[in-house]
Enquirer: 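Provided herewith is a single structure, encoded as structure tokens, for subsequent inquiry.
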Number of protein chains: 2
Amino acid sequence: MSTDFSRSEVPEVVVSRLPQYLRILNRLMEDGITVVSSQQLGEKLQVTPAQIRKDLSYFGRFGKQGRGYSVHDLLDRLRQILGVNAFWNVAVVGVGRLGRAIVNYPGFTPDGFHLVAAFDVNKDVIGSDVGGLMVHSLENLRSVVDERKISIAIVAVPVSDTQEVVDQLVACGIRAILNYAPIIPHVREGVRIRNIDPVLSLQSMTYYINTSNDD
Amino acid sequence: MSTDFSRSEVPEVVVSRLPQYLRILNRLMEDGITVVSSQQLGEKLQVTPAQIRKDLSYFGRFGKQGRGYSVHDLLDRLRQILGVNAFWNVAVVGVGRLGRAIVNYPGFTPDGFHLVAAFDVNKDVIGSDVGGLMVHSLENLRSVVDERKISIAIVAVPVSDTQEVVDQLVACGIRAILNYAPIIPHVREGVRIRNIDPVLSLQSMTYYINTSNDD
DNA sequence: GGATGTGAAGTATTTCACAGCC
DNA sequence: GGCTGTGAAATACTTCACATCC
């Protein structure tokens with residue numbers, strides 16, 4: 001019923017697991033481990049070895065029978081597949097409390113995501129410095145996005161502004177959005193969005209606390 | 001192969017969607033809407049009406065044929081099902097940059113999650129005040145958890161401490177953990193954990209930016 | 001007429017199990 | 001002997017379609 005001209009080929013769940021494999025492999029690499037089996041990876045990730053092998057098989061044959069996977073080579077291939085072998089420039093929209101925390105979070109840079117621009121609508125903060133970034137007016141979005149070759153944005157604005165901001169980002173050519181507002185914005189086909197919503201996570205866990213206590 | 005003595009009954013994906021339904025219903029309630037159809041809910045949530053009806057049918061019959069669902073009643077039932085009709089006391093472990101941001105995040109309280117205790121291992125911050133909470137030593141975990149009837153914890157400690165902290169929390173009777181560290185800790189059957197990891201989210205999106213550009 | 005609730009049908013995803021290779 | 005890669009089987013999840021009721 002929906003447009004499916006982009007041969008979906010690889011299931012979305014598979015793609016969502018690859019970054020986790022990357023994580024573990026990075027850690028193994030740091031620990032000086034050079035070869036790993038799907039069995040061992042599965043233990044660390046709490047998934048079945050078969051799933052790991054199947055997931056990887058969508059992209060090629062990276063292992064050696066009887067031996068396992070070369071940590072270095074698999075790492076390399078996964079980075080290539082995910083497109084994280086190069087740097088990505090990222091914009092942050094909204095520099096309130098949450099936005100500031102994001103800008104100051106040191107975890108993005110080591111993985112190749114460079115926060116290179118900040119935006120806000122609030123006149124009081126525009127022009128000020130937040131975590132080493134000059135805060136631009138949202139009106140300058142297009143020019144800064146073009147200039148700095150930004151294709152990813154992190155959104156941390158109030159709920160009431162979120163859809164509007166997302167629309168503007170998409171209009172300026174942003175292809176991937178990480179949204180921290182407690183709303184699921186609509187985006188057109190071809191634009192990716194992931195929502196980070198701790199309250200939803202908590203609420204889905206309380207269900208299980210209850211049902212196993214009494215009931 | 002794994003222990004499945006807890007009649008799984010309701011699929012986990014279904015439970016994970018209920019909080020989103022709750023969100024939308026809350027908003028409809030605020031807007032003064034009293035009745036809603038699965039059709040209308042589906043549009044707002046970008047899911048099929050059939051899925052909403054099926055999801056709800058795991059828990060009972062809440063609608064009226066020819067009419068739809070009473071926003072008030074459905075809200076009530078969902079809150080009951082998810083166990084968010086009462087307050088939950090929550091502990092935050094780790095009050096570094098990230099932990100502070102979490103403590104100061106105003107979004108938990110309106111949904112009934114009360115941050116009532118903070119913990120850290122760092123002697124320099126123990127005893128100090130963070131966002132209105134006194135920071136305890138982790139050594140006092142058990143007594144505070146018992147005293148304040150805490151069953152949920154938010155973890156924001158360095159990767160290297162995370163598994164250890166999670167183990168201690170579980171040992172003290174914590175049933176649900178929201179983990180912000182970039183690692184997937186192991187927990188025993190019966191304990192729920194959700195991981196918030198913005199880098200993984202970003203990495204799963206770059207895959208799509210790449211594959212639709214060139215390739 | 002219009003919308004729910006739900007078996008049945010259709011898809012998607014996971015796991016099995018084993019041939020093939022190191 | 002050990003482990004990958006992969007069709008086939010099993011399971012999980014979604015959507016259809018319609019009887020049922022307001």
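Each chain gets a letter, A, B and so on, in the order its sequence line appears, and its residues count up from 1. This is a predicted model, so every value here is computed, not measured.
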Enquirer: Given atom CD of A:Glu12 and atom C1' of D:dT14, what is their separation to the nearest angstrom?
Expert: 15 Å

Enquirer: Round to the nearest Å and state the distance from B:Lys54 atom NZ to C:dA9 atom P.
Expert: 13 Å

Enquirer: C:dT4 P sits how many Å from B:Gln51 CD, rounded?
Expert: 14 Å

Enquirer: Does B:Arg53 make a side-chain N or O approach to OP1 or OP2 of D:dT20 shorter than 4.0 Å?
Expert: no

Enquirer: Check whether more than 12 heavy atoms from other residues, nucleotides or ligands sit under 6.0 Å from atom CZ of A:Arg27, and answer yes or no.
Expert: yes

Enquirer: Atom CG of B:Leu56 to atom P of C:dT4: distance rounded to whole Å?
Expert: 10 Å

Enquirer: Just do the side-chain hydrogen bond (donor to acceptor under 3.5 Å, both in side chains) check on B:Arg23 and B:Gln20 with the steps written out, would you?
Expert: CA-CA 5 Å; B:Arg23 266 281 163 70; B:Gln20 302 190 39; over 6 Å; no

Enquirer: Near DNA chain C, under 4.0 Å by heavy atom, which residues of residues 57-78 of chain B?
Expert: B:Ser57, B:Arg61, B:Phe62, B:Gly63, B:Lys64, B:Gln65, B:Gly66, B:Arg67, B:Gly68, B:Tyr69

Enquirer: Return the residues of residues 24-42 of chain A meeting this criterion: a heavy atom under 4.0 Å from some atom of DNA chain C. Order them by number, or give none.
Expert: none

Enquirer: Test B:Gln163 against every option in B:Asp161, B:Asp167, B:Val165 by the side-chain contact (heavy atoms from CB on, under 4.5 Å) rule and name the one that passes.
Expert: B:Asp167

Enquirer: Would you check if the side chain of A:Asp120 reaches a backbone N or O of A:Val95 as a donor-acceptor pair within less than 3.5 Å?
Expert: yes

Enquirer: Would you say A:Phe62 and A:Asp73 make side-chain contact, with heavy atoms under 4.5 Å?
Expert: no

Enquirer: Using 0.5 Å steps for rounding, measure from the OG atom of B:Ser204 to the CG atom of A:Leu18.
Expert: 9.0 Å

Enquirer: So which nucleotide from D:dT14, D:dC13, C:dT14 ends up closest to the side chain of B:Pro11?
Expert: D:dC13

Enquirer: Salt bridge (Lys or Arg N to Asp or Glu O under 4.0 Å): which pairs involve residues 55-72 of chain A, sequence neighbours left out?
Expert: A:Arg17-A:Asp55

Enquirer: For the residue pair A:Phe59 and B:Tyr207, categorise the inter-ring angle as parallel (less than 30°), tilted (30 to 60°) or perpendicular (more than 60°).
Expert: perpendicular

Enquirer: Name the residue from A:Ile152, A:Ile193, A:Val93, A:Ile154 that meets the side-chain contact (heavy atoms from CB on, under 4.5 Å) definition with A:Ile177.
Expert: A:Ile193

Enquirer: Output the rounded distance in Å from CG (A:Leu18) to P (C:dT13).
Expert: 14 Å

Enquirer: Return the value, rounded to whole Å, for the distance between atom CG of A:Asp55 and atom C1' of C:dT14.
Expert: 10 Å

